Amino acid sequence: AVTCNTLVAGLCKAGSFDKAVKLFTRMAERTKRNSTMVTLAAANALIDGLCRAGRVDEALELVFEKCKDKAMINAVTYGILIQGLCKSKRVEDGLRLLEEMSTSRGLNPDAATYNSIIAGFCELDMVEQALEFFSNVTQGNKCAPDPVMIGTLVNGLCKSGRSLQALELLEEMDRVGCQPSSQVYCLMIEELCNSGEADKACKLLHETLRKGRAPANTGTYTMIVDGLYKTHRPEKARRHLKGILSSSLSAPSVVTSCAIIDGLCKSGRFSEARWFLHSMGQMGSKAN
RNA sequence: CCCGUUAAA
């Protein structure tokens with residue numbers, strides 16, 4: 001039965017609705033007793049498939065009108081519908097559903113569901129409302145700040161040209177022990193470089209290296225190196241690059257220093273690359 | 001336990 005759930009979900013994602021529905025009905029028929037959890041997961045996958053196909057209203061109708069069985073609705077069902085609404089820019093409807101699920105069904109929204117709302121606001125260029133919603137949820141102890149929410153907000157703020165505010169949020173959340181994925185740091189660094197704040201980007205990279213959350217791709221390093229020399233005096237650029245060599249608890253890894261040298265070479269700064277290699281030696285980092 | 005959330009290459 002568990003594999004059937006996964007299968008239904010997979011068929012939906014692959015766009016084969018009919019097959020998924022067929023499988024689902026066969027599952028439902030065979031279900032003897034007490035496997036409501038199992039078919040619930042499959043039903044949710046189907047609802048999600050409908051939403052992703054842009055058929056949110058059909059999904060809503062299915063859940064709230066055609067389905068009399070309360071056991072076939074859980075918090076994930078609501079989460080899916082709320083996401084569906086938000087993705088079709090109907091955040092207000094999503095909020096209504098969010099309200100309903102706790103007040104009239106006693107279901108608790110989780111971080112994923114709250115995040116759908118935040119993402120919905122961002123998509124509508126309503127970052128201000130997204131931030132307000134986020135602080136209501138977290139300050140009101142409904143939900144702890146979540147790494148995904150931070151990612152959503154950072155993305156939203158950056159996309160609306162407020163990268164410095166995004167950085168502030170990132171730092172603030174870091175202080176309360178909430179850090180997003182390395183992809184989000186990657187995005188943040190890119191945005192900072194593009195808005196002439198390569199020095200801040202470099203500092204952030206330094207932080208992520210210390211925390212083991214550094215972006216893994218070399219493109220990020222290239223951007224920082226390029227940005228540093230483009231927007232700052234060479235002395236300042238060197239100081240920032242040196243910052244990565246020093247003051248970390250452990251020496252930078254071979255991949256880190258390689259990536260920096262790579263970035264210097266790719267932007268044609270060969271003498272700077274030689275300088276960096278030399279500095280590495282002075283600071284006790286070995287090249288390979 | 002299985003189903004839903006943001007994100008770089």
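Computed from heavy atoms alone, side chains included, the values below leave out hydrogens, waters and symmetry copies. To find a chain, count down the sequence lines: A is the first, B the second, and so on, and within it residues start at 1. Source: prediction; values computed, not measured.
Side-chain contact annotation: A:Thr152 with A:Asn155, donor-acceptor N/O pair under 3.5 Å absent. Side-chain polar atoms of A:Asn44 and A:Thr77 form a donor-acceptor pair below 3.5 angstrom. Looking at A:Glu207 and A:Tyr185, their side chains never bring a donor and an acceptor atom within 3.5 Å of each other.
The side chain of A:Ala9 lies closest to B:C3 when the candidates are B:C3, B:U5, B:A8. Comparing B:G4, B:A9, B:U5 by their nearest atom to the side chain of A:Asn217 picks out B:A9. Distances from the side chain of A:Ala41 to the nucleotides B:C2, B:U6, B:A9 place B:C2 closest. Nearest to the side chain of A:Lys87, among B:U6, B:G4, B:A9, sits B:U6. With B:G4, B:U5, B:U6 as the candidates, the nucleotide lying closest to the side chain of A:Asp48 is B:G4. Of the candidates B:A8, B:G4, B:U6, the closest approach to any side-chain atom of A:Val76 belongs to B:G4. For A:Ala112, the side-chain atoms get nearest to B:U5 when compared with the rest of B:U5, B:A7, B:C3. Each of B:A7, B:C3, B:C2 was ranked by its minimum atom distance to the side chain of A:Gln183; first place goes to B:A7.
Within the nucleic acid shown, A:Asp146 has no heavy atom closer than 4.0 Å to any nucleic acid atom.
Without hydrogens or angle criteria, A:Thr220 side chain to A:Ala216 main chain gives no donor-acceptor distance under 3.5 Å. Looking only at distances, a side-chain donor or acceptor of A:His206 sits under 3.5 Å from a matching main-chain atom of A:Gly243.
Within the structure, every side-chain polar atom (N or O) of A:Gln83 is placed at least 4.0 Å from both OP1 and OP2 of B:G4. Phosphate contact (OP1/OP2 of B:A7, side-chain N/O of A:Asn155, threshold under 4.0 Å): present. Listed pair A:Arg52 / B:U5 meets the phosphate criterion, a side-chain N or O lying under 4.0 Å from OP1 or OP2.
Look at CG on A:Leu169: it is 13 Å from C1' on B:U6, rounded to the nearest Å.
Residue side chain A:Thr113 reaches the base of B:G4 through a donor-acceptor N/O pair under 3.5 Å, judged by distance alone.
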